[in-house]
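Take a look at the structure below.
Residue numbers start from 1 in every chain, and the chains themselves are labelled A, B, ... in the order their sequence lines are given, proteins ahead of strands. What's counted below: heavy atoms across the whole structure, side chains too, no hydrogens, waters or symmetry copies.
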Amino acid sequence: MAAMLQSFGVASASVAASDHSIKLPAFAGHSLAVIRSEARSISSPIRGTRKTGKVATKAVAAQAANPASAASKPGHELLLFEALREGMEEEMDRDPRVCVMGEDVGHYGGSYKVTKGLAEKYGDLRVLDTPIAENSFTGMAIGAAMTGLRPIVEGMNMGFLLLAFNQISDNCGMLHYTSGGQFTIPTVIRGPGGVGRQLGAEHSQRLESYFQSIPGIQMVACSTPYNAKGLMKAAIRSENPVVLFEHVLLYNLKERIPDEEYVLSLEEAEMVRPGEHVTILTYSRMRYHVMQAAKTLVNKGYDPEVIDIRSLKPFDLYTIGNSVKKTHRVLIVEECMRTGGIGASLTAAINENFHDYLDAPIVCLSSQDVPTPYAGTLEEWTVVQPPQIVAAVEQLCQ
Amino acid sequence: MAQLTQRAATFQRTLSAAVSSTRCLSTASTSPISVETSLPFTGHKIDPPSRSVETTPQELLSFFRDMALMRRMEIAADSLYKAKLIRGFCHLYDGQEAVAVGMEAAITKKDCIITAYRDHCIFLGRGGTLLESFAELMGRKDGCSKGKGGSMHFYKKEGGFYGGHGIVGAQVPLGCGLAFAQKYSKDENVTFAMYGDGAANQGQLFEALNMAALWDLPAILICENNHYGMGTAEWRAAKSPAYYKRGDYVPGLKVDGMDALAVKQACKFAKEHALKNGPIILEMDTYRYHGHSMSDPGSTYRTRDEISGVRQERDPIERIRKLILSHDLATEKELKDTEKEVRKEVDEAIAQAKESPLPDPSELFTNVYVKGLGVEAFGADRKELRAVLP
């Protein structure tokens, strides 16, 4: 089965390539986000400064060469799954308490090659091949985290982690609270999810909608090699339990990322394309459908602002709010199902906080409330496609 | 003349007993005594340890005191629950004290213990105070979890006590994780993962056992078999109620859980085994006098005769009392004084806990996340500062 999964990864490379070649932001594109954050940081608390200073010293020690001329460095090209691995490897080098556990992560190298080569480098105990027992190895990771280890748990497919729901909800999310702050659970739970290429109903689940209510966990979704590596590193360094959602179809995206070390903020959204007419909020794979629709929209004369929300819990209402205040129209494009998905929560959050700034009701495009069918055409219709996004924007901007 | 000396002797004894019996404890000798356990151990795929246990008068007296304290605390919790000062679920441990006390005698605070919801006495054994217990039970600020956990969520990080878990069986994989971390850091300590006869039928237990055996984790699984999973007797829930054999390829030991010395011997044996050979299961044959929790009368599925029978024949405190008296380590009066002292201690702790304030409303939102959320982010050129959103 793992071999089958891998072949799907390969098969989707061609599709992914066509997806990303259109609008995958080059390194220069991220400088926009960088400037925005800097502007914000002027008015924000000092706490950040102190911490950055501490981290920078270590980074300077590691990267003796050019601290100032980073922008001119070409960086290196890699695929998303390699970026995830790079992030993990850097953190494992940095902190001996970081370890990985999951099914086939060690000798096999990971069913999506995310942990390839790590077992040879760090040994079998640090990159642990577990038996097929999600409930108990997730519990084991949480128990280890209580003592100070920093495990990364891989769900071979996010859907399998439903078997570990009790451990994730009660022990991972709540132990810090019920112990009155005595224990922290610095685990990272990660894995691919989302609708793939005809993988069937049970292997196409979007668990972010089920996990979003769990108090005490943070959820992030990566969508590019750049943010995959940055979020992975941030998640590992975080003292809170973080669930990192990857997507089966995005593993073979290629991008040029910087050589220097960088860590992204877990609670920050990413401005993909600034605009004036409408705010489109999206995450993970749907970002690419949105960018494809954006091309069409630009040709039709619209100027959409596309934000990849990245942080699914908590929402970056600061970035989102600023955008809403500018455009007054919101379209949410997500892969979760209509009922109880991330879009539903985001709609509620925006309505509650920014109601006065909205000129039109929020439109939320989600997947259909059906188990994902096997047949290709049916599967296509369960998720949101670019033409639907174009139509929704046109209607919203009337 | 004989009468005079006799009266003088009694007078003297009364005098000495009038002084705090803790003096008796601290001045008790540490010269070894050898005691036979009540029953031999039964082993599964392992040679059981010997029935003869080394102990000292000091240890026996401390067993008596600790168990009396635990018993008194649980009885007091019963009254507090009926007075509606403790709400929700309250699972009492009286009858099973020997397991907690015997285990503590065999290990150090660096070894980890994790258990389910019947955790008040184990918390005490690990160094928790009466005030922390009662305050937590009553939901006050001075509780061990700041009043936010409740009866089922007692924790003591410094004492190596990892809880306190409400979902049956979920603590066993956590326990294996603790053992994994001990193996990872190579620190020669063990983990005792405790569960009941009801939880013994959970799948995650066998999953965890498989992993522990596969990687030789220093995990000791303690099945506190009190013969009832809430209202269901063990023979109605398990095809094979020989829980110490359920590990199949993992060795097991059946222990009389009402005999603190047997428990101590078994735990010492298990610790040595786990450090060398990986996991082992200990089944403690014990009994709870109360029902499953305070909402359960405990008499619908068992007869009162059974409960009083066990209390008469196998009560752990009575066993130690008889041992102490037969070895002449203390007098009946001194032991009674210890019990009175313990009762006073518990009453004082309750009074203090009642004074403790309820948590501040702002505590509702503390400890959900570790303060500061996420992590500070920085860009590739490290010149950019990014703020962490609250």
Side-chain angles (χ1 to χ4, degrees), chain A residues 34 37-38 40-41 44-45 47-49 51-52 55-56 59 67-68 70-71 99 125 130-131 133 135-137 139-149 166-167 170-171 176-184 215-216 218 234 237-240 258 260 262-268 316 318, chain B residues 112 114 143-150 152-153 155-157 162-167 170-185 191 203-205 207-208 210-211 214-215 366-370 372-389:
Chain A
V34 161
S37 298
E38 188 180 25
R40 190 182 346 143
S41 72
S44 51
R47 189 172 17 104
T49 324
K51 264 208 190 149
T52 305
V55 175
C99 55
L125 194 67
T130 63
N135 193 3
S136 44
F137 72 68
M140 209 175 87
I142 296 165
M146 282 170 96
T147 64
L149 285 193
N166 174 53
Q167 296 288 354
D170 294 359
N171 294 329
H176 186 59
Y177 192 81
T178 56
S179 67
Q182 287 181 69
F183 297 109
T184 57
Q218 281 187 258
R237 292 190 194 191
S238 171
E239 290 302 316
N240 290 303
E260 299 82 3
Y262 66 95
V263 177
L264 296 176
S265 171
L266 288 174
E267 297 93 33
E268 207 170 56
D316 179 2
Y318 183 86
Chain B
C112 306
I114 190 168
C144 53
S145 303
K146 299 188 192 161
K148 300 201 278 195
M152 299 187 281
H153 299 284
Y155 303 90
K156 193 151 188 86
K157 188 167 184 191
Y162 289 80
H165 295 274
I167 303 296
Q171 74 277 9
V172 182
L174 286 182
C176 285
L178 297 173
F180 176 79
Q182 284 169 332
K183 189 175 176 104
Y184 194 97
S185 347
T191 300
Q204 49 190 327
L205 203 134
E207 292 178 16
N210 176 44
M211 290 194 285
L214 197 58
W215 302 316
T366 59
N367 302 130
V368 179
Y369 292 103
V370 173
L373 278 192
V375 76
E376 190 52 62
F378 56 95
D381 60 2
R382 287 186 303 284
K383 284 204 283 189
E384 306 305 327
L385 244 187
R386 296 176 189 234
V388 174
L389 294 170

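Contacts between A:Asn135 and chain B at a heavy-atom distance below 4.5 Å involve backbone atoms as well as side-chain atoms. Both the backbone and the side chain of B:Leu178 come within contact range of chain A, judged by heavy atoms closer than 4.5 Å. B:Leu214 touches chain A through its side chain: at least one heavy atom from C-beta onward sits under 4.5 Å away, while N, CA, C and O do not. Contacts of A:Leu149 with chain B are made by side-chain atoms alone, with heavy-atom separations under 4.5 Å and no backbone atom involved. Only the backbone of B:Thr366 comes within contact range of chain A, with heavy atoms under 4.5 Å apart.
No side-chain heavy atom of B:Phe180 sits less than 4.5 Å from a side-chain heavy atom of A:Thr147. Counting only heavy atoms from C-beta outward, the side chains of A:Phe183 and B:Lys157 approach each other to under 4.5 Å. Taking 4.5 Å as the limit, every side-chain heavy atom of B:Trp215 sits out of range of all side-chain heavy atoms of A:Leu125. A 4.5 Å side-chain heavy-atom check between B:Leu174 and A:Gln167 finds at least one atom pair inside the cut-off.
Looking only at distances, a side-chain donor or acceptor of A:Gln182 sits under 3.5 Å from a matching main-chain atom of B:Cys144. With hydrogens and angles ignored, the 3.5 Å screen pairs a side-chain donor or acceptor of B:Glu207 with a backbone N or O of A:Ser136.
The candidate with the highest count of non-hydrogen atom pairs below 4.5 Å against chain B, out of A:Pro215, A:Cys99, A:Gly148, A:Ala145, is A:Cys99. Comparing A:Ala133, A:Gly216, A:Gly181 by how many heavy-atom pairs each has under 4.5 Å with chain B, the most go to A:Gly216. For the set B:Gln171, B:Gln182, B:Lys156, B:Lys183, the entry with the most heavy-atom pairs within less than 4.5 Å of chain A is B:Lys156.
A pairwise comparison of heavy atoms in B:Asn210 and A:Pro131 identifies ND2-CG, 3.6 Å as the closest pair.
A search for salt bridge (charged side-chain N to carboxylate O under 4.0 Å, His left out) contacts involving B:Lys146 returns nothing, not counting sequence neighbours.
Remark: A:Tyr177 OH to B:Lys148 NZ distance equals 4.5 Å, nearest 0.5 Å. A distance of 8.0 Å separates CG in A:Asp170 from NE2 in B:His153, rounded to the nearest 0.5 Å.
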